[in-house]
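The structure under discussion appears below in the form of structure tokens.
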Amino acid sequence: MIDDTSFDPETLDAELAESHSHQAQYPATDLRAGLTEPQLEAVTHINGPFLLLAGAGAGKTRVITRRAALLATTVAKPWEILAITFTNKAANEMKERVLTLGIGDKMNVSTFHAFCAKLLRIHHTEAGLQHNYTIADQSDRKKIIKEALQRAEISTANLTPAKVEFRISSAKSDMISPEAMLQNAEGHNDRLIGRIYTIYEEILTHQNALDFDDLLLKTATLLTENDDLRRRLENQYRYVLVDEYQDTNEAQYRIAHQLTREHGNLFVTGDPDQAIYGWRGANIQNILSFEKDYPNAKTVRLEQNYRSTKRILAAASQLITANIDRKEKTLWTDNEQGDPVRVIRCEDNNAEAASVVTDIKTLISQGVSESDIAIFVRINALSRSFEEQLFSAGIPYRIARGVAFYARKEIKDVLAYLRLIINPSDDVSLERIINTPTRGIGKKTIDHIKAFANASSPRLNLLEAVHRYEEIGLAKRAHQCLKSFSELLHKLAELSTTTARHTLEQTLSLSGLMADLNQTADIDAEPLQNIEELVSAASEFDTNHPDGTILDWLTFTSLLGDEDLLQGGTDSVTIMTLHAAKGLEFPAVYIIGVEHGLLPMIRFGSEDADDIEEERRLLFVGMTRAKKRLTLTFAARRMLHGMTSTTIRSTFLDELPHNEIQWLGDSQAWHVDQQRSGTAGGGWAGSSARSGGIDRLPSPRKPAAGLPEDIDEWQLGSIVRHPAHGLGVLIDLSRGARRSHVKVRFKNGMERAWILEFANLHRVDFDEVTDEAFGDEW
DNA sequence: TTGGGGGCAATTTTT
DNA sequence: TTGCCCCCAA
């Protein structure tokens, strides 16, 4: 039987409540009721550091909300409790549940970023900021990086903006300043990035803007350097809780630490096995060494799982034990045994989608609701085959992704006007709106304005430059256009003291945006609808925050993420990435593309054990989302980036408990072979006849090949031969403990990557091939 | 100033 | 294969 609350992370609580014959609503005196031993221990903990290691599906939210409620009704006032989460969703959920427990809405529940944004507004002087700073989002940040690249006059040959952005963000997460980066730079590239980072910071400062990382970084620095303020805050927040502690980065770690330095009442919850944001700067060591950081810490494990069947849990548990970086934890459940976890081998990605969709059809015909079914992918690009086939099967589906509401063009456009009203230094916003809607101010005019601003001393911000249009020396037409734009901005500047809704509506009409939207509404009504939605959002904000200012509203919108997940599609199959799946649960789960290189995702040149462990955790997270039915699939051939390649099943599959798994697919023999030859890898009796593919190995299915005997002679630039693709040059080679990877560029320019053991490549000596018309580009 | 076409890269993305 | 970005033509 499948219930209909799969989307609701609170299902668990409902189940728990049910199993203990309690109401959903607990009077304060009942906060200890119906708890298991470890749960009770956590709920009743009061003073000192505490680590709650909460396994997947073990009832964590229930525990922390009850503890907060208990604190708030005994030793503390609600406003003396600070609960920090990572997502708005988690924050809202906690607020709601605390409310349900009768604690009121005075408890401080907020995301890291929202908490910091507010703190920095209030204590802007101490932090060396202006009160009206704006928050640069990802696209603003990208523009600023491009600008910085230009100013640094660096040939962007091997430095994409994305790469720079990543490096800067990582540095900030680790609390590394531009100076420190320059000092410790190893190699030319690092120095370049250090220089760009420096300029990037200058631009942000000049624009009176902070990016997301700054919110954390500046707060951490402020709390570290300003002991007086730190102390006041510590007095104010006598009990601090940090959720998803395994995902904290250095800055967040510091914030939590500084806020609790003296009273030590830091209660953290998390699960190292679900740490999947290392690539975003999160440091799993924060949770792993909590007990070292806080020697008097108490640790409690929640190991009983209320979500999945025994078999699903056994498979996931076995997988995760392969990780070294973890805290020993043994999940168990009282739930039914359930059906075996299935692993399906498919011929290619279309067969994979077909097989999954067929299975879904069967489930639906048995009365399972579409919303109880989820398909998890490692990368969004994999969703396509599934979309197509779900569509043609007439099964409603939705993709939990897409452009976040506040990242849409039309939304960003209006908000840019408002941001400029609040913060006249916000050049990125000005540049965005100067010709939106089009008003005859093109690139050339903008360049003139910029040049004028830069040439002035001190350097002007663009808004000031616009207002001094007469001094720029523009052609008559451009001069006229800029004049009316300048007048428009003056008019808008006078709006700033009114409500969010009023300001928004005025801006929409004065700027001409509304007229523009109305005009295009015939062709595409969506932008207009989005704007209408924005107006009601503003209106709602005004109602909820009678004392709120435009600035508050802008901050609010800046920190709001993608809400796609929260709304809509109550009867659709959900397609989402494994990352997006964290925290959710579904009765039926399909995990797609469990192949080497995809899951684990391998990037060349950077395969180390940490990455693999995070990938393993990602699969673990995916598997533990499933309540009743779990299916993993992989395809022998996969079309990706417009190219079909032969794949190798993921080594993670070898790490599952073989005998508990139901192995399905065109070829039945492969898994049996697995059991015989251990994890060394093996082929399967291939029904497909593809040249060069490893699925073509004749039986008996031994490992495809070992390393080539002359491996020591392989080096970058070596010439190799592939049976299907011909001659190529080795452009990447990395030797790992278990597998070696190679990348080859072929004569026609195609580049392919393989695991060397399976690649069927042979090194050839240069003089053997000179007569084969090898191009000179080699 | 706008649009279209070619070139090129291509994870994950709580905020 | 798709999607973004940049440059060029009208």
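Naming: A, B, ... by sequence-line order, numbering from 1 per chain.
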Need to verify one output field. Residue with the more 5' nearest nucleotide on DNA chain B, A:Asn435 or A:His579?
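On the 5' side of the pair lies A:Asn435.
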By nearest heavy atom, map A:Lys582 and A:Lys444 onto DNA chain B; which one lands nearer the 5' end?
A:Lys444
Distance below 4.0 Å between A:Asn380 side-chain N/O and B:dT12 OP1 or OP2:
yes
Any side-chain N or O of A:Thr577 under 4.0 Å from OP1/OP2 of B:dT13?
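The answer is yes; a side-chain N or O of A:Thr577 sits under 4.0 Å from OP1 or OP2.
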Would you kindly give the [atom1]-to-[atom2] distance between [X] and [N], to the nearest whole Å?
{"X": "A:Asp213", "N": "B:dT15", "atom1": "CG", "atom2": "C1'", "answer": "9 Å"}
{"X": "A:Glu614", "N": "B:dT13", "atom1": "CD", "atom2": "C1'", "answer": "12 Å"}
{"X": "A:Asn286", "N": "B:dT14", "atom1": "CG", "atom2": "P", "answer": "21 Å"}
{"X": "A:Leu217", "N": "B:dT15", "atom1": "CG", "atom2": "C1'", "answer": "15 Å"}
{"X": "A:Met639", "N": "B:dA10", "atom1": "CE", "atom2": "C1'", "answer": "15 Å"}
{"X": "A:Arg616", "N": "B:dT12", "atom1": "CZ", "atom2": "C1'", "answer": "18 Å"}
{"X": "A:Leu618", "N": "B:dT12", "atom1": "CG", "atom2": "C1'", "answer": "7 Å"}
{"X": "A:Leu619", "N": "B:dT12", "atom1": "CG", "atom2": "C1'", "answer": "14 Å"}

Would you say the rings of A:Tyr469 and A:His479 are close, in the sense that their centroids are separated by under 6.0 Å?
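Yes, close enough.
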Quiz item: cation-pi between A:Arg625 and A:Phe376, 6.0 Å / 45°:
no
Taking only Lys NZ, Arg NE, NH1 and NH2, and the carboxylate oxygens of Asp or Glu, determine whether A:Lys172 and A:Asp211 approach each other closer than 4.0 Å.
yes
Is the shortest side-chain N to carboxylate O distance from A:Arg378 to A:Glu615 below 4.0 Å?
yes
Once you apply a heavy-atom cut-off of 4.0 Å, does [X] come out as touching a base, just sugar-phosphate, or nothing?
{"X": "A:Tyr277", "value": "base"}
{"X": "A:Ile441", "value": "sugar-phosphate"}
{"X": "A:Glu244", "value": "nothing"}
{"X": "A:Asp247", "value": "base"}

Consider the side chain of [X], meaning its heavy atoms from C-beta on, and name the nucleotide among [options] that approaches it most closely.
{"X": "A:Arg378", "options": "B:dT11, B:dT14, B:dT15", "result": "B:dT11"}
{"X": "A:Lys146", "options": "B:dT15, C:dC6, B:dT14", "result": "C:dC6"}
{"X": "A:Met601", "options": "B:dT14, B:dT11, B:dT15", "result": "B:dT11"}
{"X": "A:Thr438", "options": "B:dT2, B:dT13, C:dT1", "result": "B:dT2"}
{"X": "A:Glu615", "options": "C:dC5, C:dT1, B:dT11", "result": "B:dT11"}

Mind checking the C1' distance from C:dC5 to B:dT12? Whole angstroms is fine.
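Going atom to atom, C1' in each nucleotide, I get 23 Å.
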With C1' as the reference atom in both, quote the distance from C:dC6 to B:dT11 in angstrom, rounded to an integer.
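Straight-line distance between the two C1' atoms is 25 Å.
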Taking side chain to side chain donor-acceptor pair (under 3.5 Å) as the test, write out the residues that go with A:Glu147, two or more places apart.
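Checked A:Glu147 against side chain to side chain donor-acceptor pair (under 3.5 Å); matches are A:Arg151.
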Identify whether a stacking contact exists between A:Trp279 and B:dT11, where the ring centres must be under 5.5 Å apart and the planes under 30° apart.
no
Between the side-chain atoms of A:Arg280 and the base atoms of B:dT13, is any donor-acceptor pair under 3.5 Å?
yes
Can you name the residues that form a ring pair (Phe, Tyr, Trp, His ring centres under 6.0 Å) with A:Tyr590, not counting sequence neighbours?
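Listed in chain order: nothing, the list is empty.
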